[in-house]
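As the structure is a computational prediction, the values presented were derived from the model and not from experiment.
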Amino acid sequence: AAQQLAGQGRGTLVVLSSLAGQRSRPSILPYGAAKAGLDAFTDGLDEALRGRGVRVVSVRPGWVRTKMTAGLRSAPLATSPERVARDVLRGLDRGARVVWSPGLLRFAAPILRFMPRGVFRLMARSR
């Protein structure tokens with residue numbers, strides 16, 4: 001898709017990542033690791049396509065209430081697929097490179113990412 005967009009000299013590639021890509025809990029380790037790798041790829045792809053008319057947007061939602069999460073204990077700031085879609089459209093209109101959904105995660109993510117390991121473990125256990 002990126003090659004196609006670059007070839008036509010314009011377009012936007014929207015990549016769905018996750019807050020879990022910033023720091024993963026043991027219970028979702030493969031998911032978090034995959035999203036962290038996806039974030040690294042997306043950042044690199046954005047740099048590779050810079051100046052070629054293509055924008056790469058990474059969407060990093062938190063907990064989304066879907067069929068996949070049905071029956072699981074909801075996380076703080078849980079949201080709906082409709083809310084994520086609205087946030088993505090708003091981010092695209094604003095020219096954002098990263099879209100957080102809900103927007104408050106933009107401020108929570110760095111705290112989670114750089115939180116001391118012991119504190120993070122305590123928080124992860126309480127979930």
Q: Who are the side-chain hydrogen bond (donor to acceptor under 3.5 Å, both in side chains) partners of Gln4, not counting sequence neighbours?
A: none

Q: Does any part of the side chain of Pro81, heavy atoms only, come nearer than 4.5 Å to the side chain of Thr66, both counted from C-beta?
A: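 Yes. Closest side-chain heavy atoms under 4.5 Å.
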
Q: So Leu92 and Val14, do their side chains get closer than 4.5 Å, heavy atoms only?
A: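 A side-chain contact under 4.5 Å exists here.
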
Q: I need the Arg106 CZ to Ser101 OG distance, nearest 0.5 Å.
A: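 With rounding to 0.5 Å, CZ (Arg106) is 10.0 Å from OG (Ser101).
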
Q: Kindly state each residue pair satisfying salt bridge (charged side-chain N to carboxylate O under 4.0 Å, His left out) with at least one member in residues 88-104, sequence neighbours excluded.
A: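 As it turns out, the salt bridge (charged side-chain N to carboxylate O under 4.0 Å, His left out) pairs with a partner in residues 88-104, which skip direct neighbours, are Asp46-Arg97, Asp87-Arg90.
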
Q: Contact between Leu13 and Val57 at the side-chain level, heavy atoms closer than 4.5 Å - yes or no?
A: no

Q: Passes side-chain contact (heavy atoms from CB on, under 4.5 Å), Val15 versus Val59? Steps please.
A: CA-CA 6 Å; Val15 179; Val59 179; over 6 Å; no

Q: Taking salt bridge (charged side-chain N to carboxylate O under 4.0 Å, His left out) as the cut-off, I'd like each qualifying pair that reaches into residues 55-66, sequence neighbours left out, listed once.
A: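 Every pair satisfying salt bridge (charged side-chain N to carboxylate O under 4.0 Å, His left out) with a residue in residues 55-66: Asp39-Arg60.
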
Q: Are Leu49 and Leu38 connected in a single hydrophobic cluster, I mean Ile/Leu/Val/Met/Phe/Trp/Tyr linked by side-chain heavy atoms less than 4.5 Å apart?
A: yes

Q: Please check: side-chain N/O of Lys35 versus main-chain N/O of Leu16, any donor-acceptor pairing under 3.5 Å?
A: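 Yes; judged by distance alone, with no hydrogens or angles, the pair exists.
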
Q: Indicate, with yes or no, if Leu105 and Val98 share a hydrophobic cluster defined by side-chain heavy-atom contacts under 4.5 Å among Ile, Leu, Val, Met, Phe, Trp and Tyr.
A: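 Cluster IDs for Val98 and Leu105 match.
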
Q: Could you pull out all residues at least two apart from Glu82 that satisfy salt bridge (charged side-chain N to carboxylate O under 4.0 Å, His left out)?
A: none

Q: Give a yes or no on this: more than 12 heavy atoms of other residues, nucleotides or ligands lie within 6.0 Å of atom CD of Gln3.
A: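 No - once you tally the heavy atoms of other residues, nucleotides and ligands closer than 6.0 Å, there are 12 at most.
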
Q: Would you say the side chain of Thr12 lies within less than 4.5 Å of the side chain of Val54, judging by non-hydrogen atoms?
A: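 Val54 vs Thr12: side chains apart.
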
Q: Are the side chain of Ser80 and the backbone N or O of Arg83 linked by a donor-acceptor pair below 3.5 Å?
A: yes

Q: If you take all heavy atoms of Ser17 and Pro61, which pair is closest and at what distance?
A: O-CD, 3.4 Å

Q: State which residues pass side-chain hydrogen bond (donor to acceptor under 3.5 Å, both in side chains) with Thr79; sequence neighbours excluded, sorted by chain then number.
A: none

Q: Does the side chain of Leu19 reach to within under 4.5 Å of the side chain of Trp100, using non-hydrogen atoms?
A: yes

Q: Cluster partners of Tyr31, using ILVMFWY side-chain heavy atoms under 4.5 angstrom, listed by chain and number?
A: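 Grouped by the 4.5 Å side-chain rule, Ile28 form the rest of the cluster around Tyr31.
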
